[in-house]
Amino acid sequence: MKLWGCGIRILWVSFRILIGYLVFSFVSRLLPQPTKVRGFHALHLKNATLFLETAVSLKGLMIKVGQFMSARVDLLPKAYTQKLSLLQDEVPPAPIEEIREKIKAELGAPPETLFASFDEIPLASASFGQVHRAVLKVPLSDSTTDVAIKIQYPHIEAIVATDLKAIRLIVLVLQRIFTHIRFDILTREFERIVRLELNYIAEAKNAEKFHKLFLEDDRFVVPKVVWQFTTERVLTLTMVTGIKINHFDALEKAGVCLKEVAQLLVESYMKQIFLYRFFHADPHPGNLFVQPAGKKGLRLVFVDFGMMQEIDDKTDQG
């Protein structure tokens, strides 16, 4: 019942947002243009805040939807993209006892037994799991000991299944209003991607492939998979660090040229799409970092490989 309550809440929030816009669109016909513009801005901000609070409360798929929306500056008002950007890596974490139990169930022992140290404060919390720093007891072949462990939230699969049912109902309504948009195709693709992201073995394979593609280019940093501590619900990668790509003040303070960062990002995607035909499909600021110029120069850091896309011959023909 609790899960169905979440689904009903998603439908109710969606209904409130939709009705709010319909009512204001009708009333705004009587308002002067400046007042109408201010009114729409206030309504965007109100609805974005409502969506944000709902997503943080329910977690699961709502956070993933919010992350997607936060990156669509080409489609959504600024009030939405700014508010929902908080969902990129600042989601309230799950209780540490739940995380410890999840690690024990997946890896066979609690983290304090498996690792030399385990930081109970997460580095990041996202839609389906959270990331903790740990130190290996036995260094890897390159002497690396620091790792980042992504642990899937308890019961997340059941939460996602319920959220998907609610989204399907919302899509049925939208399809009747916006008949020119094939929401059925979008929904099927979204569901396929979500189910892949719940499988950390699939993400580990994506990370390993991506790491090998950029292995010979020091300008790009991709973590390595630590297979010994990786399962379908726990993913362990070597630790990578950097300044968040949209923290412009911090980047400039570190002596980073923003133009060079932009050029490096574009070059990386040119290689991914046209040369490697395999690209990172979730490049929001929570997944991209910059390492200031050191011995190896300016470096671009990629994390989170749950959403990757391969370009095959069928895609080319399309």
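Count residues from 1 along the sequence.
Taking NZ of Lys205 as the reference point, atom CG of Asn199 lies at 8.0 Å (rounded to 0.5 Å). Summarising the geometry, atom CE belonging to Met62 is positioned 5.0 Å from atom CD1 belonging to Ile10; distances are rounded to the nearest 0.5 Å. Separation of atoms CE (Met308) and CD (Gln272) is listed at 6.5 Å; rounding is to 0.5 Å. Here the straight-line distance linking atom OG1 of Thr236 with atom CD1 of Ile151 works out to 7.5 Å at 0.5 Å rounding. One finds the NZ atom of Lys165 at 12.5 Å from the CG atom of Leu11 (value rounded to the nearest 0.5 Å). Taking CZ of Arg299 as the reference point, atom CZ of Phe214 lies at 12.5 Å (rounded to 0.5 Å).
Proximity of a side-chain donor or acceptor of Ser28 to a complementary backbone N or O of Phe24 within less than 3.5 Å is detected. Side-chain atoms of Tyr153 never come within 3.5 Å of backbone atoms of Ser127 as a donor-acceptor pair (strictly under, hydrogens ignored). Of the possible donor and acceptor atoms, none in the side chain of His280 sits under 3.5 Å from a partner among the backbone N and O of Tyr269. Looking at Lys83, its side chain never comes within 3.5 Å of a backbone N or O of Lys46 through a donor-acceptor pair. Remark: side-chain polar atoms of Gln291 are paired, donor with acceptor, to backbone N or O of Thr241 under 3.5 angstrom.
The closest side-chain heavy-atom distance from Asn47 to Tyr80 is below 4.5 Å. Using a 4.5 Å heavy-atom cutoff, the side chains of Leu275 and Met270 are not in contact. Lys212 is listed as a side-chain neighbour of Glu208, based on a closest heavy-atom distance under 4.5 Å. Counting only heavy atoms from C-beta outward, the side chains of Asp304 and Lys150 approach each other to under 4.5 Å. In this structure, the side chains of Asp249 and Lys253 stay at 4.5 Å or more apart for every pair of heavy atoms. Contact annotation: the side chain of Leu164 approaches that of Arg168 to within less than 4.5 Å [non-hydrogen atoms, C-beta and beyond]. For the pair Val56/Leu86, no side-chain contact is recorded, criterion being any heavy-atom separation below 4.5 Å from C-beta on. The shortest side-chain heavy-atom distance between Pro111 and Phe229 does not fall under the 4.5 Å cut-off.
Considering every non-hydrogen atom in both Phe305 and Glu203, the closest pair reads N-OE2, 3.1 Å. Smallest separation of non-hydrogen atoms from Ala207 and Val225: CB-CG2, 3.9 Å. Nearest heavy-atom pair across Thr35 and Leu31 is CG2-CD1, 4.2 Å. What you find for Gly286 and Phe289 is that their closest heavy atoms are O-CE1, 3.4 Å. Listed here is the closest heavy atom pair of Gly306 and Asn206: O-ND2, 4.3 Å. Counting all heavy atoms, side chain and backbone alike, Pro223 lies closest to Thr238 at CB-O, 3.3 Å.
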Distance-only donor-acceptor pairs under 3.5 Å for side chains of residues 93-100, two or more places apart:
residue: Glu97; atom: OE2; partner: Arg100; partner atom: NH1; Å: 2.8
residue: Arg100; atom: NE; partner: Glu112; partner atom: OE1; Å: 3.3
residue: Arg100; atom: NH2; partner: Glu120; partner atom: OE2; Å: 2.5

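Considering only residues two or more places apart in sequence or on other chains, Asp217 meets the side-chain hydrogen bond (donor to acceptor under 3.5 Å, both in side chains) condition with Arg219, Lys271. Ile19 is linked by a side-chain contact (heavy atoms from CB on, under 4.5 Å) to Phe15, Leu22, Val23, counting only residues two or more places apart in sequence or in another chain.
In this structure, Val222 is a member of the same hydrophobic cluster as Leu298, with clusters built from ILVMFWY side-chain heavy atoms closer than 4.5 Å. The hydrophobic cluster containing Val234 also contains Leu136, counting ILVMFWY residues as joined when their side-chain heavy atoms lie under 4.5 angstrom apart, directly or transitively. Follow the hydrophobic side-chain contacts under 4.5 Å out from Phe51 and you reach Tyr21 in the same cluster. Residues Phe210 and Leu264 share a single hydrophobic cluster, defined by chaining ILVMFWY side chains whose heavy atoms lie under 4.5 Å apart. When hydrophobic clusters are built by joining Ile, Leu, Val, Met, Phe, Trp and Tyr residues whose side-chain heavy atoms come closer than 4.5 Å, directly or via intermediates, Ile149 is not grouped with Phe302.
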Exercise for review: Give the intermediate values and the outcome of side chain to side chain contact (heavy atoms under 4.5 Å, CB included) for residues Val226 and Thr144.
Suggested key: CA-CA 10 Å; Val226 185; Thr144 297; over 6 Å; no
Review point. Can Leu300 and Glu267 be said to form a side chain to side chain contact (heavy atoms under 4.5 Å, CB included), step by step?
Key: CA-CA 11 Å; Leu300 184 64; Glu267 182 180 340; over 6 Å; no
Review point. Can you list the steps and then say if Ile201 with Trp227 is a side chain to side chain contact (heavy atoms under 4.5 Å, CB included)?
Key: CA-CA 9 Å; Ile201 292 293; Trp227 284 105; 4.1 Å; yes
Review point. Which is it for Phe279 and Ser268 under the side chain to side chain contact (heavy atoms under 4.5 Å, CB included) test, yes or no, and what are the steps along the way?
Key: CA-CA 9 Å; Phe279 65 93; Ser268 77; over 6 Å; no
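Aromatic pair Phe220/His211: ring centres not closer than 6.0 Å.
Residue Ile121 places its CD1 atom among 12 or fewer non-hydrogen atoms of other residues, nucleotides or ligands, all under 6.0 Å distant.
Ring geometry for His132 versus Phe118: interplanar angle under 30°, hence parallel rather than tilted (30 to 60°).
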